[in-house]
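Single-structure report; data block below.
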Amino acid sequence: MSRANYLFTSESVSEGHPDKVCDRISDAVVDLYLAADPLSRVAIETLVTTNRIVMAGEVRGPESVTPELIEAAARRAVREIGYEQKGFHWKTAEFQYYVHEQSADIALGVDPNVEKQKEEGAGDQGIMFGFACRETEPLMPAPIFYAHRILHEMAKARHTGRTPELGPDAKSQVTLAYENGKPVRADAIVVSTQHGEDVSQERVKEIVRGFVEEVMPKGWVNGSTKFYVNPTGRFVIGGPDGDAGVTGRKIIVDTYGGAAPHGGGAFSGKDPTKVDRSAAYAARYLAKNVVAAGLADKCTLQLAYAIGVSQPLSLYVDLHGTGNIAEDDLEKALRQVMDLSPRGIREHLKLSRPIYERTAAYGHFGRQPDNDGGFSWERLDLVEPIRAELS
């Protein structure tokens, strides 16, 4: 039996966090290739450290996407994040590029073969999870939702010049108190943010508190809330100059803040034939539509794939005792409303487009679908088909 009263914590990191700088650069390259050829294959990793950007990986795509274009995309991403510091500057950082052609063995298992009547297979084995719950309007767990929003609002203010005192690197952590299984107040909030050399900690706390109070629901932050801003007392040296970053190290930040299982695969730097990314998006899409359809208050969904095999090996649904439908019936219905092969997912969600750089910070889930098709996995257009399949 699940607990009714408890504390739960999730963290987020800003676009200027070293790992998120890498995620954004890697996804900028994915977008570059998909814009040139929607069938490109991309698996790009980035490392950043003091005034240095290093890229490695494998690709299969048009020769028009040159190392020079990739370097320009990387520098542009860093510039837009806001790094123009001595220790990490978009213009002067040394750039190293170690990217080669995709393995022919991987291509053999993944590519479709008309002569052998073989469908496109999964790019790798693995398990992927999707999750949705009624704690927030976008059907996301409340701790990660508010941890993201605090940093996102801080970043927007920094970009518009409202808060020139703050730097690009920041982290947040939100601990919520749950009563009868529902979040009711903030027990503790931690925000660490990079700031200018001459900015006092009192000023930093004042700025941060304003964003926290703006973002959190009314009454959730009160006199009993523990509030920590820059607990070490100073955060001037930040970003890749303060700590090395690598693509794919913030997989819990990217998903559900620890409120749901994770299969272990990162998203950024991968084209949508990689099920680590596309099937995780599909799992969220299905779970969100299940909850939105009123079939449960909470839904966890797992998919499993084998490299070179088209259809998932398994689909598992857990409604956590909140459902009004048998889970095995729901599993059958979900297989009917969506083709869960890599190609089926990609076509249904229209993933073979340059829509990924925008996902690199503040979460891949719980975002509003864009007019040009970004965050298509957040749509609620399967609500009626799922209901119809179960009727």
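The analysis underlying the following values was restricted to heavy atoms, covering all of them including side chains, and did not include hydrogens, waters or symmetry mates. Computed from a predicted model, the values in this text were never measured in an experiment.
Atom CE of Met128 and atom OH of Tyr305 lie 7.5 Å apart (nearest 0.5 Å). The distance from atom NZ of Lys298 to atom CZ of Arg134, rounded to the nearest 0.5 Å, is 12.5 Å. To the nearest 0.5 Å, atom CG of residue Leu69 and atom CG of residue Leu32 are 6.0 Å apart.
Looking at heavy atoms from C-beta onward, Phe211 lies out of side-chain contact with Val191 at the 4.5 angstrom threshold. Side chains of Val190 and Pro231 form a contact here, defined as non-hydrogen atoms less than 4.5 Å apart. A heavy-atom distance below 4.5 Å is found between the side chains of Val48 and Cys22. Using a 4.5 Å heavy-atom cutoff, the side chains of Asp297 and Lys182 are not in contact. Here the side chains of Gln302 and Ile127 are in contact, with some heavy-atom distance below 4.5 Å. Counting heavy atoms from C-beta outward, Tyr146 and Trp220 have side chains that approach closer than 4.5 Å.
A donor atom on one side chain and an acceptor atom on the other are found under 3.5 Å apart for Thr92 and Asn51. With hydrogens and angles left out, the side-chain atoms of Glu80 and His159 include no donor and acceptor closer than 3.5 Å. Side-chain atoms of Thr359 and Arg277 form a donor-acceptor pair, as typed in the model, at a separation below 3.5 Å.
Using a 4.0 Å cut-off between charged side-chain N and carboxylate O, Glu15 and Arg358 make no salt bridge. A salt bridge does not link Arg335 with Glu331: none of the charged nitrogens is closer than 4.0 Å to a carboxylate oxygen. A salt bridge does not link Lys205 to Glu202: none of the charged side-chain nitrogens sits closer than 4.0 Å to a carboxylate oxygen. Salt bridge annotation for Glu357-Arg24: present, with a cationic side-chain nitrogen under 4.0 angstrom from a carboxylate oxygen. Ionic pairing of Glu378 and Arg284 is present here: one or more N-O contacts between side-chain nitrogen and carboxylate oxygen are shorter than 4.0 angstrom.
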Derivation and outcome, side chain to side chain contact (heavy atoms under 4.5 Å, CB included), residues His320 and Thr300
CA-CA 8 Å; His320 304 274; Thr300 299; 2.7 Å; yes

Run the side chain to side chain contact (heavy atoms under 4.5 Å, CB included) check on Asp241 and Tyr83 step by step: do they pass?
CA-CA 10 Å; Asp241 189 31; Tyr83 278 113; over 6 Å; no

Pair Thr193, Asp169 - check side chain to side chain contact (heavy atoms under 4.5 Å, CB included), show working.
CA-CA 6 Å; Thr193 179; Asp169 194 358; over 6 Å; no

Decide yes or no on side-chain hydrogen bond (donor to acceptor under 3.5 Å, both in side chains) for Ser352 and Arg346, but give the supporting numbers first.
CA-CA 7 Å; Ser352 298; Arg346 200 170 65 252; 3.0 Å; yes

Begin from the C-alpha positions of Val337 and His348 and carry the test side chain to side chain contact (heavy atoms under 4.5 Å, CB included) through to its verdict.
CA-CA 10 Å; Val337 298; His348 187 107; over 6 Å; no

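Checked by atom type and distance alone, the side chain of Arg41 pairs as donor or acceptor with a backbone atom of Leu39 at under 3.5 Å. Judged by distance alone, with hydrogens and angles left aside, the side-chain atoms of Glu327 form a donor-acceptor pair with the main-chain N or O of Leu319 at under 3.5 Å. Looking at Arg203, its side chain never comes within 3.5 Å of a backbone N or O of Glu165 through a donor-acceptor pair. Between the side chain of Ser26 and the main chain of Asp23, no donor-acceptor pair closer than 3.5 Å is present. The closest donor-acceptor contact from the side chain of Asp276 to the backbone of Ser268 lies at 3.5 Å or more, if one exists at all. The backbone N or O of Ala147 sits less than 3.5 Å from a side-chain atom of Ser172, completing a donor-acceptor pair. The backbone N or O of Ala170 lies less than 3.5 Å from a partner atom in the side chain of Ser14, making a donor-acceptor pair. Judged by distance alone, the side chain of Asn324 and the main-chain N or O of Gly294 form a donor-acceptor pair under 3.5 Å. A distance-only check finds a donor-acceptor pair linking the side chain of Gln194 to the backbone of Val236 [under 3.5 Å]. Between the side chain of Trp90 and the main chain of Ile81, no donor-acceptor pair closer than 3.5 Å is present.
Across all their heavy atoms, Gly61 and Ser40 have their closest contact at CA-OG, 3.9 Å. Here the closest non-hydrogen pair linking Glu11 and Ile144 is O-CD1, 3.1 Å. Across all non-hydrogen atoms, the minimal contact from Ser278 to Pro272 is OG-O, 2.9 Å. Across all non-hydrogen atoms, the minimal contact from Ala283 to Leu301 is CB-CD2, 3.8 Å.
When the side chains of ILVMFWY residues are joined at heavy-atom separations under 4.5 Å, either directly or via intervening members, Leu166 and Val229 end up in a single hydrophobic cluster. Residues Trp377 and Leu139 are members of separate hydrophobic clusters, defined by side-chain heavy-atom contacts under 4.5 angstrom among Ile, Leu, Val, Met, Phe, Trp and Tyr. Residues Tyr97 and Val21 share a hydrophobic cluster, clusters being chains of Ile/Leu/Val/Met/Phe/Trp/Tyr side chains in contact below 4.5 Å.
If you run side-chain hydrogen bond (donor to acceptor under 3.5 Å, both in side chains) between Asp254 and each of Lys20, Arg249, His262, only Lys20 comes through.
For an aromatic pair to be called close, the ring centres must be under 6.0 Å apart, and Phe365 with Phe131 fails this.
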